Amino acid sequence: DGGITQSPKYLFRKEGQNVTLSCEQNLNHDAMYWYRQDPGQGLRLIYYSQIVNDFQKGDIAEGYSVSREKKESFPLTVTSAQKNPTAFYLCASSSPLTTNEKLFFGSGTQLSVL
Amino acid sequence: GQQLNQSPQSMFIQEGEDVSMNCTSSSIFNTWLWYKQDPGEGPVLLIALYKAGELTSNGRLTAQFGITRKDSFLNISASIPSDVGIYFCAGGWSGGGADGLTFGKGTHLIIQP
C-alpha cells in the first residue's frame, strides 16, 4: 500500500540528548514536511523540503534539523537545543507543485521528555 | 504563520444529529482542505476544495468553499459514533506548496450516546 510511515510511534528523550524521528513515503511525492502539534493547537510547520538535497525552515525550526538525501526519506532530529520538545510530530508529503494540491500525513510520533 | 479562525472549538451532540463547523480567514485562499484526526493518529484528508462556491460531498460529509474565498464550511449529516474526533481546516494556494498552508486549531466533535 502507498503511504507515509513514521517511526517510532513513541519516543522518549533524556536531557541533553538528540533524537531522530523517521519518515518514509512511497507515494513518489517530491515535497515532504514536518509539523509539530501541541494539545488544542493547530499544526505548526517545522521544516519542509520540495526536492532532494534541499530543505527550508518553517515557522518553528529552532532546535530542529533535517536532511533529505533520498526522495523517500525525510528524518527529523530534535536537538538538545529544543527546550520544550514534548509534542506530537507529524510528517506529511504532497504531490508536485501542480494544481489541486493535497497534503497527506503519517500516523505521527509522540515525543516525551524523561 | 497566520492562524485560521475555526469554530466551534468543540461540539457535544447526540448521535443522529447534523453537525456544522466553519473556518474563516482575513486572507483569500484558492484551496481549502478538511481533515479528520483520531486520537494518536495523523490527520486524514476528507474533502478538498479548489474553486470559490464549490460544494463537494463525501458520503455524509459536505463541504463548501465560500464565495468570498475567505471561508469554508463542513457539514456532517446524521452523525454516528465513529465521527468522533478533531476536524481541521487548512487554507492555501494551489501550486504554492503545502508550506503555504495555514491550519485552523480544530473542532473537537464529541457524540453522546
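None of these values were measured; they are calculated from a predicted model. Values below: every heavy atom of this structure, side chains too, minus hydrogens, waters and symmetry copies.
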ask   = With a cut-off of 6.0 Å (strictly less than), are more than 12 heavy atoms of other residues, nucleotides or ligands near CD1 of Ile51(A)?
value = no
inquiry  = Among Lys9(A), Gln56(A), Gln110(A), Gln6(A), which residue has the highest count of heavy-atom pairs closer than 4.5 Å to chain B?
reply    = Lys9(A)
request  = Supply the members, apart from Tyr64(A), of the Ile/Leu/Val/Met/Phe/Trp/Tyr cluster built from side-chain contacts under 4.5 Å; use none for a lone residue.
outcome  = Leu11(A), Val19(A), Leu21(A), Met32(A), Trp34(A), Ile46(A), Tyr47(A), Phe55(A), Ile60(A), Val66(A), Phe74(A), Leu76(A), Val78(A), Tyr89(A), Leu111(A)
ask   = Under 6.0 Å between the ring centres of Phe105(A) and Tyr35(B)?
value = yes
query = With a 4.5 angstrom heavy-atom cut-off, which part of Gln37(A) approaches chain B: side chain, backbone, both or neither?
reply = side chain
ask   = Hey, is CD on Gln9(B) packed in by over 12 heavy atoms from elsewhere, all under 6.0 Å?
value = no
ask   = When heavy-atom pairs shorter than 4.5 Å are enumerated against chain A, which of Ala90(B), Gly40(B), Gly106(B), Ser10(B) gives the highest number?
value = Gly40(B)
